[in-house]
Every structure is written in structure tokens, then in C-alpha cells.
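The first residue of the sequence shown is numbered 1, and numbering continues consecutively from there.
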Amino acid sequence: MPEGFPAPSELAPLARRMLVDAVRVARWAGELAEVDKRGELLPDDARAAGRALAMTVGAAAKAWGQALLVGLVEARDGGAGPGWRLHAWEHDDEAVVRGWSAMFDAWTLLAPVPPAALRGVFAVLAGQAVDQAPQLLSFLHLVDGPVAESELLELLRRGLDERRVGTGRRPISCCTIWPPGTPG
């Protein structure tokens, strides 16, 4: 693990909190005789999970999808059952962090690829977003608390806007990313 990177014992509690609904759905499901061809819950099962766990059907389906990506459940023989990671979830921080990482890896593979005519534009935007990552990470470190997704997207948008040629604006810096009213 790179120096300065949080240890699994520090990251695992965060992952457990973020994936609590995925764990609940995985435990609720136990062994399911049937799932769809992608391993997703059938509509009747999604409704049953939602009722049993006091979730919306959409939230239950989303949690199931996360459980699949993390390895809390595994599709097998047309059905699904608990994955080994569900059994290790409460006591193996390394397994939790690896599952969380697997979810992000799978998500990047599932994200739609833009049409060929737009790939260059997306590549430039992605490169610019990566260039802004250190400033966003500095901001998150200095704030040391929760930040709304909309606020992060706005900071990224402002940083990208400031990088555009011909805007006459200066490049983004730690001083330009502070939300209004925040000392910087």
C-alpha cells in the first residue's frame, strides 16, 4: 500500500457504512432460486426486499446491484446466494476494502463508452478532471467533514471552466475552490 494511504482498518468502517444496504439485502436474500440473466433481482423479489427492509423497490434493486459488484452475493445456476465476502464482512477489513474497490472497478467497466465522434472530447474532459483532482482532494482534506455531491460537482465544473482557453480566468487553486463563507 502506498505511503500515506489509509490502512484497511481505517477504510473498512467507511465502506461498511456506505454499503450497509447492500449487506442488508444480501442477508435478506439468502439463497434465491432465480435471478435475471445479469444476476439482478426479479421484480417480485425487489418488491419483497423493499417491503421487508423498509426500502423503496429502486433502493432495494440498487443495493442488490452493489452487493453483486462487491461480492456479497454471487450469481450461480440461474439463482444467487451469499458470497464469501458476506461471511467475512464483519471481521475482515481487507476483504471489505477489496470488495469496495471491486465495485468501483466494475462500475468503470459498466459505464457507457461515448460514441466515437465524442471520445476525443471526453478524453480531454477526463484529463482535465484528473488534473483538478489534487485541488479537490486538498479541499476535502481541509474541510475535514462531509461535502455534498452537488458542491463537489460545482467545484469541478468551476475548475474546468477556469481552464478553458480564452476565458481570461486564472487556473484553479486552493483559494478559488472554497465555498462561499469558508475561510481560505
Side-chain angles (χ1 to χ4, degrees), residues 1-2 4-114 122 125-126 129-130 132-133 136-137 139-141 143-157:
M1 184 166 307
F5 197 77
S9 61
E10 294 175 65
L11 292 174
L14 175 62
R16 286 183 179 106
R17 284 192 305 273
M18 293 181 76
L19 294 167
V20 69
D21 286 340
V23 172
R24 290 176 59 219
V25 167
R27 289 188 175 138
W28 167 84
E31 291 287 338
L32 288 177
E34 190 178 359
V35 292
D36 77 6
K37 63 184 176 187
R38 294 180 319 223
E40 299 292 335
L41 286 176
L42 297 176
D44 287 344
D45 289 326
R47 283 190 289 278
R51 280 191 306 274
L53 301 171
M55 305 169 114
T56 66
V57 173
K62 177 183 174 188
W64 178 264
Q66 290 174 334
L68 270 172
L69 294 175
V70 171
L72 297 168
V73 293
E74 296 173 354
R76 51 182 171 249
D77 300 325
W84 72 268
R85 205 164 263 132
L86 182 62
H87 301 295
W89 195 253
E90 297 305 322
H91 64 273
D92 188 340
D93 291 344
E94 187 75 31
V96 171
V97 172
R98 287 182 186 271
W100 196 24
S101 177
M103 181 178 71
F104 289 111
D105 288 347
W107 179 82
T108 60
L109 294 174
L110 296 173
V113 174
F122 282 103
L125 287 174
V130 168
Q132 296 305 309
L136 289 173
L137 290 172
F139 170 77
L140 291 173
H141 177 73
V143 170
D144 195 30
V147 178
E149 178 182 354
S150 60
E151 195 173 337
L152 288 175
L153 291 174
E154 174 61 18
L155 292 171
L156 179 60
R157 186 199 59 75

For [X] and [Y], work out which heavy atoms get closest and say how close.
X	Y	result
Val97	Ala12	CG2-N, 3.8 Å
Ala80	Val35	CB-CG1, 3.8 Å
Arg24	Asp21	NH1-OD1, 3.0 Å
Trp64	Gly39	NE1-O, 2.8 Å
Ala26	Ala67	CB-CB, 4.3 Å

Task: Contact list for residues 77-90, test side-chain hydrogen bond (donor to acceptor under 3.5 Å, both in side chains), sequence neighbours left out - done: Arg27-Glu90
Task: Results of side-chain hydrogen bond (donor to acceptor under 3.5 Å, both in side chains) for Arg98 - residues two or more places apart only - done: Glu94
Scan the side chains in residues 42-62 for donor-acceptor partners under 3.5 Å anywhere in the protein, sequence neighbours excluded, and list what turns up.
residue, atom, partner, partner atom, Å
Asp44, OD1, Arg47, NH2, 2.3
Thr56, OG1, Ala59, N, 2.9

Which side-chain N or O atoms in residues 68-76 pair as donor and acceptor under 3.5 Å with protein atoms at least two apart or in another chain?
residue, atom, partner, partner atom, Å
Glu74, OE1, Arg76, NH1, 3.4
Arg76, NH2, Glu31, OE2, 3.1
Arg76, NH2, Pro82, O, 3.4

- [ ] Output all residues satisfying salt bridge (charged side-chain N to carboxylate O under 4.0 Å, His left out) with Arg17, sequence neighbours left out; order by chain, then residue number.
- [x] none
Open item on the list: Checking Ser101 now: which residues fulfil side chain to side chain contact (heavy atoms under 4.5 Å, CB included) with it, not counting sequence neighbours?
Closed with: Asp105
